[in-house]
Amino acid sequence: MTPTRTQPRPPRPVPVRPAGTAAVDAAGPQVWDDMTVEVALAVMAGARTGHLLVCDNDDQRTGLVTHAQLTTVRDSAAYTDRLRLRDLSDGGRSPRPSL
């Protein structure tokens with residue numbers, strides 16, 4: 001097997017929070033919606049938190065996922081290792097059907 005070279009991704013800028021954002025809304029690690037479910041679970045474990053704030057490519061918050069939601073998705077029959085946070089529907093309870 002020949003090793004492949006990967007190109008490192010440039011670091012993403014840290015999202016700027018608007019003034020007056022509620023502390024509850026701003027609490028917790030933020031991740032981007034292109035992250036896979038497995039990586040999100042690993043980030044949660046490393047951060048020792050039960051939820052993640054999900055952002056889109058414009059650093060706009062699109063939702064919040066919990067450890068329970070992600071483990072439910074991972075344990076479902078529709079789960080694949082390519083499933084990304086943006087592919088989750090109805091609050092992270094099930095994957096969107098593929099077209």
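All values reported here derive from a predicted model rather than from experimental measurement. Heavy atoms only: backbone and side chains are in, while hydrogens, waters and symmetry mates are out.
- Taken from CZ in Arg84 to CD in Glu38, the straight-line distance is 12.5 Å, to the nearest 0.5 Å.
- Closest approach of Gln69 to Leu64, counting heavy atoms only: OE1-O, 3.7 Å.
- In this structure, CG on Leu85 lies 8.5 Å from OG1 on Thr62, to the nearest 0.5 angstrom.
- Under the side-chain contact (heavy atoms from CB on, under 4.5 Å) criterion, Asp58 pairs with Asp56, Gln60, not counting sequence neighbours.
- Taking the side chain as every heavy atom from C-beta outward, Leu88 and Val73 approach each other to under 4.5 Å.
- Atom CG of Asp33 and atom CG of Asn57 lie 6.0 Å apart (nearest 0.5 Å).
- With rounding to the nearest 0.5 Å, the separation of CE in Met35 from CG in Leu41 is 10.5 Å.
- Residues meeting the side-chain contact (heavy atoms from CB on, under 4.5 Å) test with Thr49, sequence neighbours left out: Pro29, Met44, Ala47, His51, Leu52.
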Exercise for review: Let me see the working for Val43 and Val31 under side-chain contact (heavy atoms from CB on, under 4.5 Å), right down to the final yes or no.
Suggested key: CA-CA 9 Å; Val43 168; Val31 297; 4.3 Å; yes
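- Atom CG of residue Leu70 and atom OH of residue Tyr79 lie 9.5 Å apart, to the nearest 0.5 angstrom.
- The nearest pair of heavy atoms linking Trp32 to Asp59 is NE1-OD1, 3.0 Å.
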